[in-house]
Amino acid sequence: MNLYNLKDIKEKVNFTQAIKLGLGKKQGLFFPEIIPKISKKKIKKLINKNFITRSQKILSMFIGSEIKKKTINSSIQSSFSFPGPKISYIKKNIACCELFHGPTLAFKDYGARFMAQILSLLNTEKKSITILTATSGDTGAAVAHAFYKMKNIRVVVLYPKGKISTIQRKLFCTLGKNITTISVDGNFDECQKLVKKAFNDSDIREYTQLNSANSINISRLLAQICYFFEIFHLVPKDLHNKIVISVPCGNFGNLTAGLIAKSMGLPVKKFILSTNSNNTVPRYLKTGIWNPYKTISTISNAMDISRPNNWPRVQEILKKNKWKINKHLEYGSVSEKSTKKHLKELFQKFNYISEPHASIAYTLLKKSLEKKNLYGIFLGTAHPIKFQETVEKILQIKLKIPNSASNYINLKELSYSIKPSFHLLKKILIKK
Ligand SMILES: *Cc1c(COP(=O)(O)O)cnc(C)c1O
């Protein structure tokens, strides 16, 4: 598999290099030179296969001979060894695809676990690797768990202080061992900036082999393609030619994966790009002007990102396929008030307990489907318990804590606490 740098198309790397480097020159993202196209007939066959077998086939198509098929297969097998996607039918023309039944209760488990498997496989050198990543809430836990106790790999996670929920924090700040967590007195974009700076610092690079496990890493995106195919396996066949998928977007990794699946031939009619009030992209699509505002804190905190890293990849896919905005990709942003209103609606009208991120995707989906003979799926990106305080307050109910999360609640948090200063981060990175 070959990939090129979106900021410098002359820089070409293979899959292994792309995973190890994370970003290319000028902090450009890597993009696959070829997206495998699958015929309609083969797509149908593929959809009939089970999740693991199908995912192994999809990943092999991308990765090719660079990694042995047997190895790809066993990596997928161990990455996806948890309860996969589930469809909850909400009403006549709308369902939720729940991607949160993994170990850290958010869809990020899919990408993070596959990346961990592949990286540990590639780590044949003796030099230790440091996974340095910023999280707006769910990546931290997914990455920490995926790499927990792996030999020769240290994980360092930065998160914005006071801006992620208790359960989110407990799930990864309590692990210890090869997991270091840092609470930064700032917002997610500032955390992300610190991470980018570290990647450009020669002292740090000399000291350790750095890797970002953010959704900029291509291995995460490839793993996420798999569950878009699974949606078609799970829903009745007579819906297959009218499916619209609404994706709650933050860093736009999830949407990128969905659009790649569509490029491969998965017959998704249309995607809906849903954001909260951090709506740089919807404003850009409307006005043609890229003008990120200061990041605002919302109840859908995993989407509080005003400079989404994966956006150039989305643009590349649209350009390559000559897909038109509105025809293939609708967009919108949802206010805090409307997020709450629709969260309540899901519960009171349809007896479905959701959470703010999915509620945003539902809100725009519902609006888009009005008077159309289409079938909508919104992605359930996290378990409601991850936003326990918010959901309980809005719905006036008490949530049950799933067993997998209750184990962490009473553990001590082990995080460092710093101001958003690169100097302080560097000290932590080089100290141990
Ligand atoms: C990460 C996350 C998102 C945003 O996904 P991106 O791939 O960054 O766009 C949405 N919802 C939840 C719950 C998340 O954790």
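Every number for a ligand or one of its atoms is a count from 1 in the order of the listing.
- The shortest heavy-atom distance from F100 to ligand 1 is not under 4.0 Å.
- Every atom of ligand 1 is numbered from 1 in the order shown, and the set under 4.0 Å from a heavy atom of F252 is 6 (P), 8 (O), 9 (O).
- The existence of a salt bridge linking E355 and K386 is excluded, since no basic side-chain nitrogen approaches an acidic carboxylate oxygen closer than 4.0 Å.
- In this comparison of L221, D138, N251, the heavy atom closest to atom 6 (P) of ligand 1 sits on N251.
- Residue-ligand proximity, A302 to ligand 1, at heavy-atom distances under 4.0 Å covers atoms 2 (C), 12 (C), 14 (C), 15 (O).
- Aromatic ring orientation, W311 versus Y284: perpendicular (interplanar angle above 60°, classes split at 30° and 60°).
- In this structure, H145 and Y148 have tilted ring planes: the angle between them lies in the 30° to 60° band.
- Interface of G253 with ligand 1, defined as ligand atoms under 4.0 Å from a residue heavy atom, comprises 6 (P), 7 (O), 9 (O).
- Every atom of ligand 1 with a heavy atom of N254 under 4.0 Å away is listed here by number and element: 7 (O).
- Residue G250 places at least one N or O, backbone or side chain, under 3.5 Å from an N or O of ligand 1.
- Using a 4.0 Å cut-off between heavy atoms, K108 contacts ligand 1 through its side chain alone, with no backbone atom that close.
- In this structure, S55 and C226 approach most closely via the heavy-atom pair OG-CB, 3.3 Å.
- Ring centroid separation for the pair Y227 and F80 does not come in under the 6.0 Å cut-off.
- Look at D201 and K426 and you find a salt bridge, because one of the NZ, NE, NH1 or NH2 atoms lies within 4.0 Å of a carboxylate O, short of that distance.
- Of all atoms in ligand 1, numbered sequentially from 1 with element shown, those under 4.0 Å from a heavy atom of T381 are 10 (C), 11 (N), 12 (C), 13 (C).
- Under 4.0 Å is where a charged nitrogen must lie from a carboxylate oxygen, and between E316 and K319 at least one such pair does.
- Between K419 and D185 there is a salt bridge, since a side-chain N of the basic residue sits under 4.0 Å from a carboxylate O of the acidic one.
- A salt bridge does not link K26 to E11: none of the charged nitrogens lies less than 4.0 Å from a carboxylate oxygen.
- In this structure, C249 is part of the shell of residues with a heavy atom less than 4.0 angstrom from ligand 1.
- Contact atoms of ligand 1 toward F107: 1 (C), 2 (C), 3 (C), 5 (O), 7 (O), 14 (C) (distance under 4.0 Å to a heavy atom of the residue).
- For a threshold of 3.5 Å applied to N or O pairs, the pair formed by A106 and ligand 1 contains no separation below that value.
- Remark: minimum distance from atom 10 (C) of ligand 1 to any protein heavy atom is reached at P248 O, 3.6 Å.
- Not one N or O of H357 is nearer than 3.5 Å to an N or O of ligand 1, by distance alone.
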